[in-house]
Amino acid sequence: MIATPPEDDRPAGGGDESAANPWELRGALLLLLCLAGLLLWATNGWLTERFSETARNRAELRGALYSGQLKSELQRNSVVPMMLARDPALITSLASGDFAFTSARLITAQKEIGVASIRLLDASGRTVAATDRQILGTNYVSAPYFVEAMRARETVFTVSEGESGSYEFVYSRAIADSSGTLGVVVVSTDLTQLEQSWAGITDAVAVTDSTGLVILSTEARWRGLPLDEALSVRPVPNAIERAFQVSADWSNADADAYVKGRAVMQTETNIAFRGWRMFNFTTYESIRERVNAALALEAMVMAVLAAVMFYVLSRRAQRRTVAYMRESADLRALNSRLTREIAERERVQRELRVAEQTVQQSSKLAALGEMSAGVSHELNQPLAAMKTYIAGARLLLDRGRSEEALSSFQRIDDLVDRMGAITRQLKSYARKGGEAFEPVDLRNALSNALTMMEPQLRARPVRIMRSLPRRPVMVYCDRIRVEQVLINLLRNALDATKSVRDARIDIAIEATAQAVVTVRDNGPGVSDLDKLFEPFFTTKKPGEGTGLGLAISSGIVADFGGRLTAHNSEDGSGAVFEMALPLYDPDGGRDERPLAAE
């Protein structure tokens, strides 16, 4: 019996809860507006500070990058005068006064090195060769780079003011031989390309020397002025620009400087070169854009929250009723869906049980087919041997040699016993492992296998070379099945040497970490080793083999905990099969299983 909940005594519609006081709504709206204003003000300050710090870090990183580029360019050009001062052609030209091909040589060096210009001055300061042929003959005897280079015996760096307010950065070095100073080589460094790359951004960049004068800048009017004086050079804004500046800067942090009438933050980077310093000026435009985007998103969220709040206050009772109805419908739908899922799961489980039974039956049929093929293959060997012994016994009886005939009959009896033992292996094959496990000496197993193969070995001349240890090599396995594996390996080796004139089979048993039986022949080898142990794969002619011997042998060895492998000899003289089995340890705690019932 299901208990029903008590009915609600409140009047239908819930008018007391759904009808909100207008003054309460107005108070809530006013409170929401105040909270929104405070939140926007706090968010603006926090985001401005955070984004400003991020922009300053990026500006410092950019300054380190630009200063590194500048220093790298100066260092790259500093080695050029030293190389040219050691140029034998230039020394010879200054010593002999023959400058016919000197300018061409300097032009080639300029293209290869990438400097702005190269000049060669003689001892009197006269230009005798240059990449710019228009200055040939010009005298620079009073130039600082000539005077200082003549005084010092090393590379000299000088900065001199050039044309159009720009500066010229020059490396110079005296050229001398055993007779004395012959002249000066002057290399001008072009740093305008760095200024052009810096000008590709919205910020301003300036480099000052040790005296504080601007020598490099993205603003051309700053060159030659102290930095403070350069920053004071700004266009007079009109009324609209002043109003825009006031409205744009109200929320920014205190500006470090003004560039082109815009507030900027200033970062400084020391350049490890003659006391130079680099100044980067970053605008607040990107910061203000990011802050405004966040504030706009925040304001939109607040507006949505306000709309949701009013909707909730006005539709509270209706939403509750609709929610109850929806929950009831959802529960009914969920109950129906669960019922269908339970029925579907029960059907799938029944089909799964049927499928499992089908797979198990298929596996049993496949195992029976494999066992039948394996037994048929293994019985062919003793049958062939019995046929040979019967024929031999018949000849012996015809010749009156009954004693020797009795020996053949005894061997036939042994073969019959062995065939019976082979048929008894059907049960062990079906269980993928036998139960007649016992300690077996591999030397005796090999001897029995050779005895079984004796008729085939006598059919044609084959040399059997055995390398056996003196001590027993004990393994824990089924004696009959391990002899089957050895017979299969010997038979394959015998078949592989049919076309070989001097047939030879080498058999070796070793006992190291494992017991290893190696069967090596001098036949043609195996062409496809990857498929060698697959069922029904054979390299023999049709009708000569089923392709099951090695597959069954590999499964038998695997049941014993070992591994059967094959490879071709390194010298290409045949195939090598190795059967590795664990050594028997009588003290290892192994439980000896009872012999299988016949």
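Quick note: numbers below take in every heavy atom, side chains included, and nothing from hydrogens, waters or symmetry partners.
- With hydrogens and angles disregarded, a donor-acceptor distance shorter than 3.5 Å links the side chain of T497 to the backbone of A493.
- Across S554 and L564, no two heavy atoms sit closer than the pair N-CD2, 3.9 Å.
- Between V516 and T518 the shortest side-chain heavy-atom distance falls below 4.5 Å.
- Within the model, atoms CG of L334 and CD of E327 stand 12.5 Å from one another, a figure rounded to the nearest 0.5 Å.
- Between the CG atom of L581 and the SG atom of C477 there is a distance of 6.5 Å, given to the nearest 0.5 Å.
- Within the 4.5 Å cutoff, the side chain of R466 has heavy atoms near those of the L450 side chain.
- Contacts classified as side chain to side chain donor-acceptor pair (under 3.5 Å) and involving residues 505-514 (residues at least two apart or in different chains) are given here: R504-D506.
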Starting from the C-alpha separation in whole Å, work towards a yes-or-no answer on ring-ring contact (aromatic ring centres under 6.0 Å, His included) for F437 and F560. CA-CA 9 Å; F437 278 61; F560 297 158; 5.6 Å; yes
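- For the pair T339/N335, a side-chain contact is recorded, criterion being any heavy-atom separation below 4.5 Å from C-beta on.
- The only option from I505, L490, V500 that meets the side chain to side chain contact (heavy atoms under 4.5 Å, CB included) definition with V462 turns out to be I505.
- Atom CZ of R563 and atom CD of E578 lie 10.0 Å apart (nearest 0.5 Å).
- Note that CG of N522 is 10.5 Å distant from CZ of R520, once rounded to the nearest 0.5 Å.
- Counting only residues at least two apart or on different chains, the salt bridge (charged side-chain N to carboxylate O under 4.0 Å, His left out) pairs with a member in residues 332-345 are E344-R347.
- Applying the ring-ring contact (aromatic ring centres under 6.0 Å, His included) criterion to Y171, with sequence neighbours excluded, gives F157.
- Taking 4.5 Å as the limit, some side-chain heavy atom of W276 sits within range of a side-chain heavy atom of L70.
- Scanning all heavy atoms of the two residues, the minimum distance from V473 to A515 falls at CG1-CB, 3.6 Å.
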Checking side-chain contact (heavy atoms from CB on, under 4.5 Å) for the pair L446/V517: CA distance, chi angles, key distance, verdict? CA-CA 9 Å; L446 178 61; V517 180; 5.5 Å; no
Show me the donor-acceptor pairs within less than 3.5 Å that the side chains of residues 395-402 make with the rest of the protein, sequence neighbours left out.
residue: R401; atom: NE; partner: E404; partner atom: OE1; Å: 3.1
residue: R401; atom: NH2; partner: E404; partner atom: OE1; Å: 2.4
residue: R401; atom: NH2; partner: E404; partner atom: OE2; Å: 3.0

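- You'll find the side chain of V482 stays beyond 4.5 Å of the side chain of V475, heavy atoms only.
- Distance alone, capped at 3.5 Å, places no donor-acceptor pair between the R479 side chain and the P439 backbone.
- Within the 4.5 Å cutoff, the side chain of R277 has no heavy atoms near those of the I271 side chain.
- Rounding to the nearest 0.5 Å gives a distance of 7.0 Å between CG of L442 and CG of L486.
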L415 and L383: side-chain contact (heavy atoms from CB on, under 4.5 Å), yes or no, with the steps? CA-CA 8 Å; L415 290 175; L383 286 174; over 6 Å; no
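- Donor-acceptor pairing under 3.5 Å is recorded for the side chains of N488 and S553.
- The shortest heavy-atom contact between E483 and A445 is CG-O, 3.8 Å.
- Within the 4.5 Å cutoff, side-chain heavy atoms of P469 are placed close to those of I509.
- Taking the six-membered ring where the residue is Trp, the centroids of F409 and Y389 are separated by 6.0 Å or more.
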Taking it one step at a time, do V187 and L84 satisfy side-chain contact (heavy atoms from CB on, under 4.5 Å)? CA-CA 10 Å; V187 177; L84 295 177; 4.1 Å; yes
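- Between R105 and A89, the closest heavy-atom pair is NE-CB, 3.5 Å.
- Inter-residue side-chain proximity for E268 and N280 is flagged as unmet; no heavy-atom pair is nearer than 4.5 Å.
- Nearest heavy-atom pair across A496 and P524 is O-CD, 3.3 Å.
- Under the salt bridge (charged side-chain N to carboxylate O under 4.0 Å, His left out) criterion, R463 pairs with D502, sequence neighbours left out.
- Once rounded to the nearest 0.5 Å, the distance linking CZ of R62 with OG1 of T269 reads 10.5 Å.
- Without hydrogens or angle criteria, S78 side chain to Q75 main chain gives a donor-acceptor distance under 3.5 Å.
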Evaluate F279 against T267 for side-chain contact (heavy atoms from CB on, under 4.5 Å), listing each step before the verdict. CA-CA 6 Å; F279 297 88; T267 57; over 6 Å; no
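- In terms of heavy-atom proximity, R173 sits nearest to A85 at CD-CB, 3.8 Å.
- Applying the salt bridge (charged side-chain N to carboxylate O under 4.0 Å, His left out) rule to pairs touching residues 68-79 yields E73-R76, sequence neighbours excluded.
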